[in-house]
J.: 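Here you go, one structure.
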Amino acid sequence: MLDIKTYNMIAPEGTAEFPADKYTINETDKPAALLIRSQDMHKTRFGTSVLAIARAGVGVNNIPLVEANSNGTVVFNTPGSNANAVKELIVAMLILATRPVFSSVQWAKKLNGADVSLQTEKGKNHFAGTELQGKTIGIIGLGSVGSRVARATADLGMHVIGYDPYISVEHAWRLSNDIPRAKDLSELLQKSDYVTIHIPYTEGNKDLISSKELAELKDGAILLNYSRWGIVNENAVIDALDSHKIAQYLTDFSSEKVIKHESTIVTPHIGGTTLEAEINGAIMAAQTLKKYLETGNIVNSVNFPAVEMPFDSNFRITLIHQNVPNMVGRITTILAKYDINIDNMINRSREQIAYTMIDTDNISEKTFNKLKNELIEISEVIRVREIRKNK
Ligand SMILES: NC(=O)c1ccc[n+]([C@@H]2O[C@H](COP(=O)([O-])OP(=O)(O)OC[C@H]3O[C@@H](n4cnc5c(N)ncnc54)[C@H](O)[C@@H]3O)[C@@H](O)[C@H]2O)c1
Ligand SMILES: O=C(O)[C@H](O)COP(=O)(O)O
């Protein structure tokens, strides 16, 4: 039995992916894997029993990847699972930034009497808005969310300009050829009436939008941050709002200072919080975990290489090791000592980490334990695992 520990609200459709004859959920203090959302794993220690962590969602800045690597823990996310949910919220927030929906509803709620309809007709002049059509929106990051926002805002009649120097081939294909790309961030900032950010939080993206970048925006521009706290420098954005350099800041990530400011609209990190996105993410994360636990194959990892090999033999040995020369030679030399005949083998690497899978015929538990002890003695080997077919 393998135990899966969950954190946060994981949709039951996800945990239902783990059959009860092979898995338990939240039953031991030595789980084989974790299924999480935004749980801060920098503060929540995970032990060596944890073979993998699946993040139902996209952002993985809540997971210490260096520690995961040295522990031999594979970290997965669920790319695109909540992108439509974020896109729809961005459309809503653009409209809320442009039309006085909240204030007009609050005003109308207070009306009394038989002539409320007359009163609304008289009062509506106080609630004139502007339109999105014809305005320019700059989209920073053209991945799963950004590419969808580009399409949706173009459909609203906005002029769209994108910026993503690291765009993947898959996302570039999804993006319409009509969407012009800024040559650099400055060009995007200078041309846009609205700027929306859809990038991961990384060391390199910390404070990407700070005083210098805010100064490059058009006067009265509107900024949206549905990516992460820390990508926009909070003090700089408050200064830009106070000086009326920018008109509004709309965000899913906050502090008391931002919430209390009269020119902000703050949502409580609900970008991916729809029934559909939560189910998508939980199922995708669970399926990715199951695949890894049952076959060793890796898809959608953020710290390990993608590795897939059909599992046609009876026994699979997986090794996580440092990415240094001659590891395969050293590993196969030890296997040869045990007279193990290799049916199939794959070795892939990503930065400092490498992963090797070796398929062979059945090996007894006793022989495998001896073999494992010898393999783990190679100082660069981090983890050795056995997977028996259909177990
Ligand atoms: N508010 C929410 O609930 C919510 C939901 C989903 C995602 N997110 C956040 O949004 C981020 C983006 O999500 P996604 O699904 O589109 O991810 P994604 O990985 O599909 O796309 C991110 C894109 O950003 C680009 N990028 C990275 N750094 C950049 C930079 N400095 N300038 C321009 N482009 C840059 C990458 O090349 C990539 O194309 C996530 O990492 C997460 O932090 C928030
Ligand atoms: O990165 C993400 O996928 C979003 O921020 C959603 O986070 P959540 O799963 O905690 O809602």
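Numbering of ligands and ligand atoms starts at 1, following listing order.
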J.: Please identify which atoms of ligand 1 are closer than 4.0 Å to at least one heavy atom of Y166.
T.: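 Answer for ligand 1: 26 (N), 27 (C), 28 (N), 29 (C), 30 (C), 31 (N), 35 (C), 37 (O).
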J.: Examine K389 relative to F311 and say whether NZ or CZ is less than 6.0 Å from the centre of the six-membered ring and inside a 45° cone about the ring axis.
T.: yes
J.: Are the side chain of S81 and the backbone of A277 linked by a donor-acceptor contact shorter than 3.5 Å?
T.: no
J.: How far is atom 7 (O) of ligand 2 from its nearest protein heavy atom, and which residue and atom name does that atom have?
T.: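 The closest heavy atom on the protein side is R55 NH2, 3.1 Å.
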J.: Distance under 4.0 Å to a non-hydrogen atom of G57: what atoms of ligand 2 satisfy this?
T.: 3 (O)
J.: Any idea which protein heavy atom is nearest atom 21 (O) of ligand 1, and the distance to it?
T.: G143 CA, 3.2 Å
J.: Cationic tip of K22 within the cone over F18's six-membered ring, i.e. under 6.0 Å and within 45° of the normal?
T.: no
J.: Any idea which atoms of ligand 1 are less than 4.0 Å away from a heavy-atom of G141?
T.: 24 (O), 33 (C), 34 (N)
J.: Would you tell me whether D40 and N62 have side-chain atoms, one donor and one acceptor, within less than 3.5 Å of each other?
T.: no
J.: Would you say the ring centroid of H269 lies under 6.0 angstrom from that of F253?
T.: yes
J.: Would you check whether V145 has a nitrogen or oxygen atom less than 3.5 angstrom from a nitrogen or oxygen atom of ligand 1?
T.: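 Yes, V145 has an N/O under 3.5 Å of an N/O on ligand 1.
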J.: How would you list all residue pairs meeting side chain to side chain donor-acceptor pair (under 3.5 Å) that involve residues 46-58, not counting sequence neighbours?
T.: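 Output for this query lists S38-R55.
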J.: Got a protein heavy atom sitting under 4.0 Å from atom 19 (O) of ligand 1?
T.: no
J.: Considering heavy atoms of the protein only, find what lies nearest to atom 26 (N) of ligand 1 and give residue, atom and distance to 0.1 Å.
T.: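 Here the closest protein heavy atom is I199 CG2, 3.7 Å.
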J.: For ligand 1, is there an atom lying under 4.0 Å from some heavy atom of S227?
T.: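 Per 4.0 Å heavy-atom rule, S227 contacts ligand 1.
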J.: At what distance is the nearest protein heavy atom to atom 3 (O) of ligand 1, and which residue and atom is it?
T.: G272 N, 3.0 Å
J.: Which residue owns the protein heavy atom closest to atom 25 (C) of ligand 1, what's the atom, and how far is it?
T.: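 Minimum-distance protein heavy atom for atom 25 (C) of ligand 1 reads D164 OD2, 3.2 Å.
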J.: Tell me whether ligand 1 is touched by P165 - counting only heavy atoms on the residue side and a distance under 4.0 Å.
T.: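 It does; at least one heavy atom falls under 4.0 Å.
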J.: To the nearest 0.1 Å, how far is atom 27 (C) of ligand 1 from its closest protein heavy atom, and which atom is that?
T.: P200 CD, 3.6 Å
J.: Would you say ligand 2 has an N or O under 3.5 Å from any N or O of G59?
T.: yes
J.: Tell me the protein heavy atom at minimum distance from atom 6 (C) of ligand 1, and give that distance in Å.
T.: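 Checked against all protein heavy atoms, atom 6 (C) of ligand 1 sits closest to N82 OD1, 3.3 Å.
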J.: Donor-acceptor pair, R316 side chain versus R385 backbone, under 3.5 Å?
T.: no
J.: Main chain of L189, side chain of S192: is a donor-acceptor contact present, judged purely on distance under 3.5 Å?
T.: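 Such a contact is absent between S192 side chain and L189 backbone.
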J.: Could you tell me whether S168 and ligand 1 have an N or O pair separated by under 3.5 Å?
T.: no
J.: Can you tell which of H198, K87, R37 gets a heavy atom nearest to atom 24 (O) of ligand 1?
T.: H198
J.: Which of the numbered atoms in ligand 1 are below 4.0 angstrom from a heavy atom of H171?
T.: 20 (O)
J.: Among all protein heavy atoms, pick the one closest to atom 10 (O) of ligand 2 and tell me residue, atom and distance.
T.: S38 OG, 2.4 Å
J.: Taking N or O atoms only and a 3.5 Å limit, does F253 qualify as a polar contact for ligand 1?
T.: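 Such a contact does not occur with ligand 1.
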J.: Under 3.5 Å, N or O to N or O, is Y226 touching ligand 1 that way?
T.: yes
J.: Would you tell me which option among R37, R228, H269 has the nearest heavy-atom contact to atom 6 (C) of ligand 2?
T.: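 Ranked by closest heavy atom to atom 6 (C) of ligand 2, first place is H269.
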J.: Taking all atoms of both residues into account, what is the closest heavy-atom pair of V149 and I90, and its distance?
T.: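 For V149 versus I90, the nearest heavy atoms are CG1-CG2, 4.0 Å.
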J.: Can you tell me the protein heavy atom closest to atom 17 (O) of ligand 1 and the distance?
T.: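 Closest protein heavy atom to atom 17 (O) of ligand 1: V58 CG1, 3.8 Å.
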J.: Is Y201 in polar range of ligand 1, meaning some N or O pair under 3.5 Å apart?
T.: no
J.: Looking only at heavy atoms, which two atoms of L96 and V101 are closest? And how far apart?
T.: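 Closest approach of L96 to V101, heavy atoms only: CD2-CB, 3.6 Å.
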J.: Donor-acceptor check, side chain of T264 to backbone of K260, threshold 3.5 angstrom: yes or no?
T.: no
J.: Please verify the inter-ring angle class for Y355 with F304; under 30° counts as parallel, over 60° as perpendicular, anything in between as tilted.
T.: perpendicular
J.: Give the single entry among V145, V86, V58 that approaches atom 3 (O) of ligand 2 most closely by any heavy atom.
T.: V58
J.: Checking contacts here: is it the side chain or the backbone of D252 that comes within 4.0 Å of ligand 2, counting heavy atoms only? Could be both or neither.
T.: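 It is neither; nothing of D252 touches ligand 2.
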J.: Between Q119 (side chain only) and N112 (backbone N and O only), is there a donor and an acceptor less than 3.5 Å apart?
T.: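 It does hold such a pair.
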J.: Does atom CG of N177 have more than 12 heavy-atom neighbours from other groups under 6.0 Å away?
T.: no
J.: Could you check whether any side-chain N or O of N323 sits under 3.5 Å from a backbone N or O of S349, counting only pairs where one atom can act as donor and the other as acceptor?
T.: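 Pair absent, no side-chain N/O of N323 close to backbone of S349.
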J.: Among protein heavy atoms, which sits nearest to atom 1 (N) of ligand 1, and what does the distance come to when rounded to 0.1 Å?
T.: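 The closest heavy atom on the protein side is D252 OD2, 2.9 Å.
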